[in-house]
Amino acid sequence: MGFGKGCHLHLIDGSAYIFRAFHALPPLTRKSDGLPVGAISGFCNMLDRYVENNSGADAATHVAVIFDKGSHTFRNDMYDQYKANRSEMPEDLRPQIPLTREATRAFNIACEEIEGFEADDIIATLACRAREAGGRVTILSSDKDLMQLVGDGVEMLDPMKNKRIDDDGVFEKFGVAPNRVVDVQALAGDSVDNVPGAPGIGIKTAAQLIQEFGSLEELLDRAEEIKQPKRRQTLIDNRAQIELSKKLVKLDCDMELPFGLDDLEIRDAVADDLLEFLNRMEFRTLTRRIADRLGKEPPAVIEAAPEADAPDVPEDAPIDHATYEVVRDAEALQVWLDRIAATGVVAVDTETTSLDEMRADLVGISLATEPGVACYIPLAHRTGGGDLFDSDALAPGQMPMETALEMLRPMLEDPAVLKVGQNMKYDYKIFARLGILVDPIDDTMLLSYAQHGGLHGHGMDALADRYLNHQCIPIKDLIGSGKSQVTFDRVEIDRAAPYAAEDADVTLRLHRLLKPRLHRARVTQVYETLERPLVPVLARMEMAGILVDRQVLSRMSGTFAQKMAGLEEEIHAKAGRPFNVGSPKQLGEILFDELSLPGGKKGKTGAYSTGADILEDLATEHELPGLILDWRQLSKLKSTYTDALQDHINPETGRVHTSYSIAGANTGRLASTDPNLQNIPVRTEEGRRIRQAFVAPEGRVLVALDYSQIELRILAHIAGIDQLKQAFKDGHDIHAMTASEMFGVPLDQMTPEVRRKAKAINFGVIYGISGFGLARNLRIPRAEAQAFIDTYFERFPGIRAYMDDTVKFAKQHGRVETLFGRRIHTPDINASGPGAGFAKRAAINAPIQGTAADVIRRAMVRMEAATRGIDAKMLLQVHDELLFEVGEDEAETLIERAREVMEGANMPVVDLSVPLIVDAGQGANWAEAH
DNA sequence: ACGCTCACG
DNA sequence: GACGTACGTGAGCGTA
């Protein structure tokens with residue numbers, strides 16, 4: 001049947017369908033090889049629904065899906081900036097594009113694209129031809145650029161809202177009839193497609209002018225008649241630009257097409273072809289549904305193929321500081337916001353006066369929307385130092401910070417705009433202190449950490465060098481170093497801008513590179529559940545801080561100073577001369593040269609070793625080593641804790657705000673810095689008193705919850721040691737049980753000495769035990785230690801198997817894994833020499849330590865929802881412990897809920913064969929809570 | 001800048 | 001067969 005009267009042509013805007021499917025659906029990957037297929041899946045579902053619903057009197061007789069092809073079109077020849085601010089295609093989407101063509105063909109729907117032409121022009125030409133032939137046309141799209149085609153039997157259908165758009169609909173949108181839509185667009189321009197239009201004229205004004213003058217040509221010819229002087233001048237001055245804009249927005253209705261309308265006649269799908277395609281994409285549900293409808297057996301499910309190598313990514317233009325813009329007013333900022341709204345992704349970086357987020361003041365913000373497209377917004381740069389009177393004045397050429405933040409806020413909080421940062425926790429906190437909650441976020445540092453943990457560092461300079469082959473401007477070039485260092489607000493704007501914008505540019509490029517690789521590395525779940533959600537959680541903990549009683553610390557410092565002075569006198573007397581007790585070098589000379597105590601040189605530097613274990617051994621020979629040990633303990637407590645901690649009390653909050661590095665430790669553990677609150681003393685009575693300085697405010701208490709023996713439990717599970725598992729299930733003393741198994745001592749006759757040995761072995765196993773290490777730890781002969789280990793492996797052969805298997809896996813794959821899929825790379829595992837031993841033990845330890853780290857991360861992410869409604873704040877994490885501050889009335893409720901979260905944190909992803917047990921305590925200070 | 005020592009899990 | 005060793009961190013100090 002030839003196309004003519006009574007026929008109905010449906011034209012589907014394929015690209016719009018794909019983008020919508022891509023953005024509307026969560027990332028989905030093909031199981032066998034990790035290929036992203038979310039957009040294809042959504043696209044197929046839409047096509048299926050389309051086919052299903054296309055029935056009745058209004059049904060299409062002809063249909064085609066039209067795609068764009070190539071980025072350079074005849075419009076670029078007219079205007080090189082056309083669609084210049086259109087973002088690059090997301091990396092996840094790119095590989096799906098060819099498959100959407102295949103999908104269309106699999107549905108046996110005509111699939112058309114012509115190199116160098118936009119889909120819109122093909123749609124326009126087909127619509128015009130169909131109209132001329134006397135048929136009806138429905139364009140399935142919501143693109144306003146297509147509205148100029150409406151009328152005379154051509155309609156649009158917004159597939160999203162299922163809303164028909166006819167003449168009235170177009171008038172609603174543009175204020176004119178469809179045949180004048182291009183005139184309005186030519187005047188108003190389009191920021192998304194980068195059509196210039198007339199400056200200062202939007203759709204409303206344009207429609208008004210066209211209504212008044214009848215057409216664009218008429219308007220331009222009679223522009224002198226316009227009453228408003230400014231508007232008149234704009235139209236006269238920009239005539240050429242407006243005429244160009246019209247050419248850009250006017251669709252080509254008369255293209256040469258290598259096919260005709262008759263080729264688009266509706267055909268039934270070929271069942272086998274369609275099912276083969278869907279099955280190849282591994283869409284189980286859709287395959288079954290369509291097979292059922294077609295009355296066919298669904299094809300056999302495809303088995304997983306081996307890991308495919310990553311395809312190469314296209315090369316971006318090199319980083320060029322000259323392309324960056326300095327944004328100095330609201331108008332310029334608005335252009336960036338429009339651009340961001342169109343792309344939905346932006347890299348953000350803040351410049352501040354300090355590395356301490358709790359004291360840092362915002363100085364400027366940089367943004368990047370695509371490679372090479374970046375800007376710096378200076379906000380609080382000051383005029384140069386030196387001049388005492390002028391030094392605090394704001395430098396000229398900056399927009400008011402309030403204005404900028406209020407303009408940025410909707411974007412930063414917009415759930416539809418992804419904010420990408422490098423170490424986003426920093427920027428998150430800076431914005432949070434200004435009342436802006438940045439969400440959603442991605443973090444390039446964490447993307448790298450999830451994929452390449454153990455291979456290299458994840459700082460921006462390292463990542464830029466490695467993945468972009470680019471050396472970032474060192475911050476020292478701007479602010480100097482050491483004594484002459486200045487804060488960033490003292491850097492001239494023109495010097496700051498290239499540095500700052502570069503950071504955003506680099507971050508954006510890294511994101512494009514690293515994000516799509518997540519699924520190929522099979523760590524999407526790690527990133528999405530263990531890394532990314534932790535950013536706001538840790539930010540809140542750090543901002544909350546813990547209350548520290550300066551008085552307590554100060555008094556202790558005084559006491560320590562006195563005791564140290566007394567000890568020092570005694571030490572000098574015993575040594576026979578005064579010397580610096582804090583100098584290991586001088587101490588070594590006194591002990592081994594002057595007093596001739598036994599012990600020798602050690603270390604590459606040739607210096608005597610004077611570590612605690614050596615001094616303890618020497619304590620039987622002479623009184624001096626014991627005194628040194630006492631002095632050292634006091635010195636450590638004073639300098640590292642009672643003195644230094646006071647300097648970390650924030651003057652505004654009166655609290656201590658640590659910072660956690662999420663990507664610091666290779667195993668997945670957090671690390672705490674500035675100050676480190678994960679190594680506050682607890683093992684000695686004297687040290688433990690420092691914890692009395694960590695307090696809760698009036699009416700509140702500190703609650704500590706810690707996992708009992710979590711690493712040994714995980715070892716028992718992973719290695720499958722029945723006796724250990726049973727002991728944990730029965731709640732028995734695990735070290736006593738081990739001792740009983742090894743040495744044949746009944747539990748009721750267990751001595752502390754035997755138990756201590758078993759405990760050392762249990763821990764040794766976690767660390768990758770060796771005879772030498774155990775011997776040193778227990779201070780027993782090496783042969784004896786080796787005998788213990790042999791016995792241990794005899795009683796628990798599963799442990800030996802775990803260690804061997806893990807090392808074998810590491811050698812084969814260059815990495816090990818936690819139960820939650822975190823990958824820890826072991827690049828040195830195949831090294832020769834002493835390094836090999838280290839790498840082996842690290843490989844044995846990493847899955848155990850790392851799984852425990854994953855468990856508590858999961859608990860932390862879930863904690864907020866689980867404790868909602870309780871006036872409680874999570875303050876600290878110490879590897880297997882969480883510390884909270886809570887109103888004293890609610891402490892018990894908190895313990896109950898937090899314990900439930902922690903003990904079930906492994907579920908539902910990992911079902912452990914041992915129970916996780918959490919001990920809890922509460923008190924006015926950390927010593928009491930523990 | 002680096003190594004030593006020692007605080008924690 | 002020798003080598004040198006417990007795993008993972010961060011901070012302060014002395015020494016170059």
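In what follows, every heavy atom counts, from backbone to side chain, and hydrogens, waters and symmetry copies are set aside. The sequence lines fix the lettering, A, B, ..., with proteins before strands; numbering per chain opens at 1.
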What's the CD1-C1' distance between I614(A) and dC4(B), to the nearest Å?
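After rounding, the reported distance stands at 12 Å.
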
How many whole angstroms separate atom CG of L645(A) from atom P of dG10(C)?
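About 17 Å, once rounded to whole Å.
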
Do the side chains of D617(A) and R779(A) get close enough for a salt bridge, i.e. N-O under 4.0 angstrom?
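A salt bridge links D617(A) with R779(A).
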
Taking the same atom, P, in dA7(B) and in dA2(C), what whole-Å distance lies between them?
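37 Å, rounded to whole Å.
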
Heavy atoms only: give me the nearest F743(A)-V754(A) pair and the separation to one decimal.
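Heavy atoms of F743(A) and V754(A) come nearest at CD1-CG1, 3.5 Å.
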
Figure out the OH/P separation between Y608(A) and dG3(B), and round it to whole Å.
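Between P of dG3(B) and OH of Y608(A): 21 Å.
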
Nearest-Å distance for atom pair CG/P, residues L615(A) and dC4(B):
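After rounding, the gap between these two atoms is 15 Å.
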
In whole Å, I'd like the distance from the NE2 atom of H930(A) to the P atom of dC8(B).
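The answer, rounded to whole Å, is 11 Å.
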
d(CH2, W631(A); P, dC13(C)) in whole Å:
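It works out to 10 Å between those atoms.
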
Restricting to pairs with a member in residues 780-789 of chain A, which pass side chain to side chain donor-acceptor pair (under 3.5 Å), not counting sequence neighbours?
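Listed once each, the pairs are Q786(A)-D790(A).
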
Nucleotide forming a Watson-Crick or wobble pair with dG3(B), both distances under 3.5 Å
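Result: dC13(C).
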
Closest nucleotide among dG12(C), dA7(B), dT5(B) to the Q633(A) side chain:
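In terms of side-chain proximity for Q633(A), the closest of dG12(C), dA7(B), dT5(B) is dA7(B).
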
Under 6.0 Å from the ring centre and within 45 degrees of the ring axis: does the NZ or CZ of R841(A) meet both conditions for the six-membered ring of F838(A)?
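The answer is yes, since R841(A) meets both limits relative to F838(A).
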
Say whether E928(A) and Q692(A), considering side chains only, have a donor N or O and an acceptor N or O under 3.5 Å apart.
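Absent: no donor and acceptor within the cut-off.
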
Under 4.0 Å, counting only non-hydrogen atoms across every strand here, what does A846(A) touch: a base, just sugar-phosphate, or nothing?
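The answer is nothing, as A846(A) stays clear of every strand by at least 4.0 Å.
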
Less than 6.0 Å separating the ring centroids of F788(A) and Y792(A)?
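Distance test on ring centres: not under 6.0 Å, no.
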
T610(A) OG1 to I628(A) CD1 distance, which is reported to the nearest 0.5 Å
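If we round to the nearest 0.5 Å, T610(A):OG1 and I628(A):CD1 are 8.5 Å apart.
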
If you compare every side-chain N and O of R683(A) against the phosphate oxygens of dC8(B) (OP1, OP2), does one of them come in below 4.0 Å?
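For dC8(B), OP1/OP2 do have a side-chain N/O of R683(A) under 4.0 Å.
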
Under 3.5 Å, is there a donor-acceptor pair between the R689(A) and T559(A) side chains?
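T559(A) and R689(A) do not have a side-chain donor-acceptor pair below 3.5 Å.
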
Quantified in whole Å, what is the C1' atom distance between nucleotide dC6(B) and nucleotide dC3(C)?
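Nearest-Å result for dC6(B) against dC3(C) at atom C1': 27 Å.
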
Examine dT5(B): is either OP1 or OP2 under 4.0 Å from a nitrogen or oxygen in the side chain of S609(A)? Give yes or no.
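So the side chain of S609(A) is within the cut-off, an N or O lying under 4.0 Å from OP1 or OP2 of dT5(B).
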
Distance check needed: dG12(C) P versus Y641(A) OH, whole Å only.
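For the pair Y641(A) OH and dG12(C) P, the rounded distance is 10 Å.
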
Pairwise side-chain contact, H622(A) with L591(A), heavy-atom cut-off 4.5 Å (strictly under)
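In short, these two side chains do not touch, never coming nearer than 4.5 Å.
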
R713(A) CZ to dG9(B) C1', straight-line distance once rounded to whole Å:
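Atom-to-atom, R713(A) to dG9(B), this comes out as 16 Å.
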
Within the structure shown, what part of the strands sits under 4.0 Å from A612(A) by heavy-atom distance: base, sugar-phosphate, or nothing?
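Touches sugar-phosphate only.
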
Provide a list of protein-nucleic acid N or O atom pairs under 3.5 angstrom, restricted to nucleotides 14-16 of chain C.
from	atom 1	to	atom 2	distance (Å)
dG14(C)	O3'	S583(A)	OG	3.4
dT15(C)	OP1	S583(A)	OG	2.4

Does the side chain of H657(A) pick up a donor-acceptor pair with the side chain of E357(A) at under 3.5 Å?
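Result is no, nothing qualifies.
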
For dC2(B) versus dA6(C), give the span between their C1' atoms, rounded off to a whole number of Å.
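Pairwise C1' distance, dC2(B) against dA6(C), rounds to 24 Å.
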
Need the pair for dT5(C). Rule: Watson-Crick or G-U wobble, both distances under 3.5 Å, any strand; none if unpaired.
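Paired with no nucleotide.
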
Once base and sugar-phosphate atoms are separated, protein heavy atoms under 4.0 Å mark nucleotides 2-9 of chain C, 5' to 3', with B, S and - as --BBBBBS

